[in-house]
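Just so it is clear, the model here is predicted, and its values are computed rather than measured.
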Amino acid sequence: MDDAFARSIPEVLDFFGVNPTRGLSDTQVVQHARLYGTNGAPFWRLVLKQFDDLLVKILIAAALISFILALFNGETGLMAFLEPSVILMILAANAAVGVITETNAEKALEELRAYQAEVATVLRNGCFSILPATELVPGDIVEVSVGCKIPADMRMIEMLSNQVRVDQAILTGESSSVEKELKTTTTTNAVYQDKTNILFSGTVVVAGRARAIVVGVGPNTAMGSIRDSMLRTEDEGTPLKKKLDEFGTFLAKVIAGICLLVWIVNIGHFRDPAHGGFLHGAIHYFKIAVALAVAAIPEGLPAVVTTCLALGTKRMARLNAIVRSLPSVETLGCTTVICSDKTGTLTTNMMSVVKVCVVESAKRNPVANEYSITGTTYAPEGTIVDSTGMQLDFPAQSPCLLHIAMCSALCNESTLQYNPDKGNYEKIGESTEVALRVLTEKVGLPGFNSMPSSLYMLSKHERASYCNHYWEEQFRKMYVLEFSRDRKMMSVLCSRNQMHVLFSKGAPESIISRCTTIMCNDDGSIVPLTADIQAELNSRFQSFAGKETLRCLALALKWMPSDQQTLSFDDEKDLTFIGLVGMLDPPRDEVRNAMLSCMTAGIRVIVVTGDNKSTAESLCRKIGAFDHLMEFDEYSYTASEFEELPALQQTLALQRMALFTRVEPSHKRMLVEALQRQNEVVAMTGDGVNDAPALKKADIGIAMGSGTAVAKSASDMVLADDNFASIVAAVAEGRAIYNNTKQFIRYMISSNIGEVVCIFVAAVLGIPDTLAPVQLLWVNLVTDGLPATAIGFNKQDSDVMKAKPRKINEAVVTGWLFFRYLVIGAYVGLATVAGFIWWFVYSDSGPKLPYSELINFDTCPTRETTYPCSVFDDRHPSTVSMTVLVVVEMFNALNNLSENQSLLVIPPWSNLWLVGSIILTMLLHILILYVHPLSVLFSVTPLSWADWMAVLYLSLPVIIIDEVLKFFSRHPIGLRFRLWVRRSDLLPKREQRDK
């Protein structure tokens, strides 16, 4: 029943055919279970993410083709399986790294169980019984009381106490408990906050008793809709993932084109006698084309990206940002909007008394005096400061503050306790009453000069309510008049040494109107409440409640006859006013600077909350993050106001919105989707169950460490210290990681261009294959992988948080940079081919063949030669060219210490990880050259000193070439050339976000 909130109690009872005094019969329970289902809706099974990447698919295809060709050629044993096996092993290792790092994947749906009640007190067949909550059906009559977790969505039908209050913060994000009532809701387009007659599944009763009828179970509850919303949310690809996919698509087309070109260029050689026929010739050159594909694809790229992001997560963990999803590390770097939940994220979600107003003296002006109270949590730690800014050393020596502490401790039904497991102070009961308990602890006790310091000597468990317990021992509670909505106050009768005192607390307008006298703070005297003093108190109340949007309570007392044992409503008159307290859910101390840092970094912050508009606007003013906004009119919207705007105005509103109030979970998700349609990269922070769908939908969901397990599991990142400021540090780290990722991607591209040039030039010139496929694989994996990973340790730029967020359609490699790496790649390829030719034509240890003989090697068996044809099977030339390729790429890695800075400015030792990886790579390469089983496996042979010198001469110029290109990049002539080249990016851009 979706509209139970808008129907009267008799209508709802008639709809389900239930008698409120007897409940459902057994027959009706069976019928309703069949009609509406039961509360035991299953939670969705965890779904494992599958490794899905276009480059990986291309690699798998290359491995399969290689294997099929080997079988077609009749190859057996190790060599037939070597290349495809190595490729598949690399992919398996890459997938393992990802899986191990992201093992905490999709627990959100399972953990929603923590918010389901386990049992319910149900009326069936005229008798109350306790049943498992999973057996509830719509139409059941359920009784709830203080501390009960609501087992299903229910419509209130009977109040069994003066009031019923429910803490529904996990669902709506409201900072204080909500009063529930029986009357019908008439609001149009009612949100959860408007449905004051509905008890929502998973929320907790903090005051009162009531009976209600079940109207929604399982997926048909507010909590169930959150599960469905999370289920419908598809994982969005991160900006880097999209760029790599685009690059993969682009690379696939280029590879296909080059492979086809190489094959076509060599059609004339298909019939060469060496191949043994046209078909075998075609297959031979097809194998070369596959080798070319292996060379062009950066096999190590997925593994290196994963490893770099994993290393980034470790650095971020030290900043209290625990990353649950690897790609989100990089996404942080281009975040443009942070939608921040207010309650518990920008605030502590711990109601605190921040202002106290007392009458100082009736004889002199100003009549009233205000005190400020520090401390923003439930911890009994804080000071009391007067209006001049002076701290009170002994607050309990002030008569009004002393009696406020007494009244706060005695006129109170809540509990404050220390939880050693969590290391914090926790509340049981109303947050406003707990705030009064904490105030009592901050005021302290009278009569001890060493009072404040003595309290610090206590253990945290004893300290939690030491002063409150003192007053509860001094006074014996005799009678309580509960709070009621018509009186808007509660009173308690207490006795101490034959003296009976009535303590009252309630709405200021109710208490002040019942007072005839006031207590003065300067001497503790009781004087009449005059019209002027009452006007002054009302003025202070309006200031607290209006301008400062504090939640206000007034406190009063009355000395009663010593023989009185009970209270009546008539006793609540002729009271003595003792003070006015103002409380709020205070902002976190560090939020202001964090928000200013976000604005400096070009990141917009939108505060999102279920609270009312004025309270949220007041908080925004307090944190100072919106000081640049003169008025909130065009920047602050309630959910219903925003929904009523025409489409065009909604678009404009989204572009300037700073505050979004009175929202429910669906609005948060709608906000994320609307911002994403405007090409914004959205981070959503939150801590409640109500935040989970939006956290999952956002580009990066950020949960608070103290938040619910559901929010954490739906998020990409968890802030261990709940500190909004940690987001700023994480964004800086994300940007640095992206810059380094970009550098190693460029390094790998330039290296692979070199390999492609090498094979292509060899095919065009008609010389023997310079590199075997297994050698190419070794170069791609070991020599590319280690230095590329080490580039991820390049130091963060000092101005990384002063730049605007990069655009999500920014290509990883564009224009001038692609030209630069094309030049470098071309040199790498030509140097590799040159090493191969050098051994045949010029090396003293080689055959010193004429160049014409080398390019006609395939006709050697059919003609007379002065040398044996077996020279073309020698492993020396391919070893030289492979070693040139390895060494030149090591020098190229040094080029990538910086995009534009010279090696003279940023020397190699600025990144010792890179130096170490180069040394390790060279040791591994020497290992396969000089250890016999490995040299056979990789078709290589040991090199002489002369060979090594030739390798060095051919490799070193790559540094000189890149230094020249960097010089052009840094100077105007380079800029002009860059502008000319950038007319069209060589890698595709995505102008619109794919949905």
Side-chain angles (χ1 to χ4, degrees), residues 75 77-79 82-83 85-86 291 294-295 299-300 751 754-755 758-759 761-762 767-787 828-849 851 853-854 857 860 867-894 915-958:
E75 292 179 27
L78 181 65
M79 293 313 292
L82 182 64
E83 190 178 317
S85 298
V86 171
V294 172
E299 286 90 344
S751 299
E755 293 164 20
C758 163
I759 291 174
V761 168
I767 61 176
D769 299 342
T770 48
L771 295 168
V774 71
Q775 292 172 335
L776 276 174
L777 211 55
W778 169 259
V779 172
N780 275 0
L781 275 179
V782 183
T783 61
D784 285 6
L786 288 174
V828 169
L830 292 172
T832 305
V833 173
F836 188 84
I837 295 172
W838 169 84
W839 188 85
F840 274 110
V841 180
Y842 300 108
S843 174
D844 291 335
S845 59
K848 293 197 173 182
L849 300 177
Y851 179 69
E853 289 292 321
L854 183 61
F857 78 97
C860 178
Y867 56 88
C869 290
S870 60
V871 74
F872 296 114
D873 296 324
D874 197 308
R875 289 183 292 171
H876 264 97
S878 64
T879 304
V880 170
S881 58
M882 181 184 176
T883 306
V884 168
L885 188 56
V886 169
V887 175
V888 79
E889 288 187 6
M890 294 306 100
F891 286 130
N892 191 28
L894 293 176
V915 175
S917 71
I918 289 172
I919 293 169
L920 180 60
T921 299
M922 289 310 301
L923 288 173
L924 287 171
H925 186 68
I926 289 167
L927 194 71
I928 68 163
L929 293 186
Y930 296 96
V931 175
H932 182 67
L934 292 175
S935 62
V936 173
L937 186 65
F938 287 97
S939 301
V940 292
T941 191
L943 296 180
S944 65
W945 179 250
D947 294 336
W948 277 107
M949 291 308 296
V951 166
L952 201 61
Y953 285 136
L954 287 168
S955 303
L956 197 59
V958 77

Task: Heavy-atom closest pair, residues Gly835 and Val880 - done: O-CG1, 3.5 Å
Task: Residue pair Thr921 / Pro787: nearest heavy atoms and the distance that separates them - done: OG1-CD, 4.0 Å
Task: Ser878 (side chain) donor-acceptor with Thr770 (main chain) under 3.5 angstrom - done: no
TODO: Give, for atom CH2 of Trp839 and atom OG of Ser881, the distance between the pair rounded to the nearest 0.5 Å.
DONE: 11.5 Å
Open item on the list: Is there a side chain to side chain contact (heavy atoms under 4.5 Å, CB included) between Asp947 and Ser843? Walk through the geometry before answering.
Closed with: CA-CA 8 Å; Asp947 294 336; Ser843 174; 4.1 Å; yes
Open item on the list: In the structure I gave you, are the side-chain heavy atoms of Val886 and Met922 within less than 4.5 Å of one another anywhere?
Closed with: yes
- [ ] Please report the shortest heavy-atom distance between Ser955 and Val884, naming the atom on each side.
- [x] OG-O, 3.6 Å
Open item on the list: So which atom in Trp838 and which in Ala946 form the shortest heavy-atom distance, rounded to 0.1 Å?
Closed with: CH2-O, 4.2 Å
- [ ] For Phe840, check ring pair (Phe, Tyr, Trp, His ring centres under 6.0 Å) against everything at least two apart and list the hits.
- [x] Phe836, Phe872
Task: Qualifying residues under side-chain hydrogen bond (donor to acceptor under 3.5 Å, both in side chains), relative to Thr883, sequence neighbours excluded - done: His925
Open item on the list: Applying side-chain contact (heavy atoms from CB on, under 4.5 Å), can you list everything that pairs with Ile919, at least two apart in sequence or on another chain?
Closed with: Val915, Leu923
- [ ] Name all residues meeting the side-chain contact (heavy atoms from CB on, under 4.5 Å) criterion together with Thr941; count only those two or more places apart in sequence or in a different chain, and write none if there are none.
- [x] Arg875, His876, Thr879
Identify every side-chain donor-acceptor pair in residues 928-938 under 3.5 Å, counting partners at least two apart or on other chains, and give the distances.
| from | atom 1 | to | atom 2 | distance (Å) |
| --- | --- | --- | --- | --- |
| Tyr930 | OH | Leu943 | O | 3.0 |
| Tyr930 | OH | Trp948 | NE1 | 3.1 |
| Ser935 | OG | His932 | O | 2.7 |

Open item on the list: Among residues at least two apart in sequence or on other chains, which ones pass side-chain contact (heavy atoms from CB on, under 4.5 Å) with Val761?
Closed with: Val757, Leu765, Leu830, Val833
Open item on the list: For the CD1 atom of Ile837 and the OG1 atom of Thr832, what is their distance to the nearest 0.5 Å?
Closed with: 11.0 Å
- [ ] Carefully, step by step, assess Val940 and Met882 under the rule side chain to side chain contact (heavy atoms under 4.5 Å, CB included).
- [x] CA-CA 9 Å; Val940 292; Met882 181 184 176; 3.7 Å; yes
